[in-house]
Amino acid sequence: MEVKARAPGKIILSGEHAVVHGSTAIASSIDLYTYVSLRFPTPSDNDDALRLQLKDVGLEFSWPIGRIKEALSEKDIPNSAVPTSCSIESLRSLAALVDELKIPEAKIGLGAGVLAFLWLYSSIQGYKPATVVITSELPLGSGLGSSAAFCVALSAALLSFSDSVNLDLSHQGWLTFGESELELLNKWAFEGEKIIHGKPSGIDNTVSTYGNMIKFKSGSLTRIKTNMTLKMLITNTKVGRNTKALVAGVSERTLRHPEAMASVFNAVDSISTELATIIQSPAPDDLSLTEKESKIEELMEMNQGLLQCMGVSHASIETVLRTTLKYKLASKLTGAGGGGCVLTLLPTLLSGTVVDKVTSELESCGFHCLTAAIGGNGVEICFGDSS
């Protein structure tokens, strides 16, 4: 039998950077997914390898199961019910396996993801041959949570064939996990994120696991539910950025101008809090929906201005802002800034013609545009045909 899992990417609606300094941030899932399919061979296949196919980048890797078992010889017996951190010894052993793959220099950044794959697979499923295929609608390294969606979808597929979750294998179509199962899945995904990022906040994998929205402040995550459908144009500037350097730059500016930056962070906190209130309040008719969208546009514009005060904008981001402003649309960067992606709210009553025009203009600048609804479902799985 084959299982397919999908997990959504994420955006930061408000509060990036300021959240490091105690402000509230709001993150949301988007209906762009990473897909993981998992299939175990039949006895007649006579296959004793673990295979990983990364369809979007055209790479395929395989390892004899005995080789993985040998590399993790000091590891305890796998227990899918107990999320386990990868030890330094295991990390070194798995890194040696990844080094043997000779990943092309241009795609060397995928190595950490392959490491996370090997750890999650061996920890949850043990040492069994299988074929795992990964595809994604999320651009890599653009701040849309592609690595978290990968870890969440992979954990979901692996756990669905374990004794740690109870699922209806005869269910047709996409199926969600129970609350306690989602908690287990999220913890496993976080272990994968730690291998990829070192010290992740946990926001990305939590949003991808549960869907909808998360309010985050001072290490505390609160799940919130939107009562309105928001649609965003996501513009990927394709400009890479150094997140650590950008975060450090904001901290340095805060040391130089403590009072001014404290006011900036307080303003961001207020914006996030108001945004959460608007999103959760009901919109019974088109008029109230339009009013709420107008308020959200204003809050996005204010947040972007404060991000510029923090020094994390970029020429490419400013180009997107100028372009969308011509069409009276509100935009803000999402994530670390310094490039990456920009969000533009697409109001409910906006015509498709305007969307086509602004998209065309942005793509003529060399950017890539995606449209996405925000605040949707979290991770889901499907047994057999998912169509």
Can the positive tip of Lys4 be found less than 6.0 Å from the middle of the six-membered ring of Phe383, inside 45° of the ring normal? no

CD1 (Ile279) and OG1 (Thr226) are apart, to the nearest 0.5 Å, by 5.5 Å

Under 4.0 Å between a Lys/Arg side-chain N and an Asp/Glu carboxylate O for Lys295 and Glu298? no

Handout entry: Parallel, tilted or perpendicular: rings of Phe265 and His21 (30°, 60°)
Key = parallel

Closest heavy-atom pair, Ile381 versus Ser160, reported as atoms and distance to 0.1 Å, is CD1-CB, 3.9 Å

One thing to verify: whether Glu191 and Lys187 come together as a salt bridge, which I'm taking to mean a side-chain N less than 4.0 angstrom from a carboxylate O. no

Please check if the side chain of Ser28 supplies one atom and the backbone of Gly375 the other of a donor-acceptor pair under 3.5 Å.
-> yes

Backbone N or O of Ala81 within a donor-acceptor pair of the Ser164 side chain at under 3.5 Å?
yes

Salt-bridge contact Lys292-Glu297 (side-chain N to carboxylate O under 4.0 Å):
no

So, Asn377 side chain and Gly211 main chain: donor-acceptor pair closer than 3.5 Å or not? no

Practice prompt. State whether Glu363 and Lys238 are salt-bridged, where the test is any N-O pair (Lys NZ or Arg NE/NH1/NH2 against Asp/Glu carboxylate O) under 4.0 Å.
Written response: no

- Under 3.5 Å donor-acceptor, Ser272 side chain and Asp269 backbone: no

ask   = Within the side chain of Asn205, is there an N or O that forms a donor-acceptor pair under 3.5 Å with the backbone of Ala189?
value = no

field: Check ion pair Glu361-Arg322 (N to O, under 4.0 angstrom)
entry: no

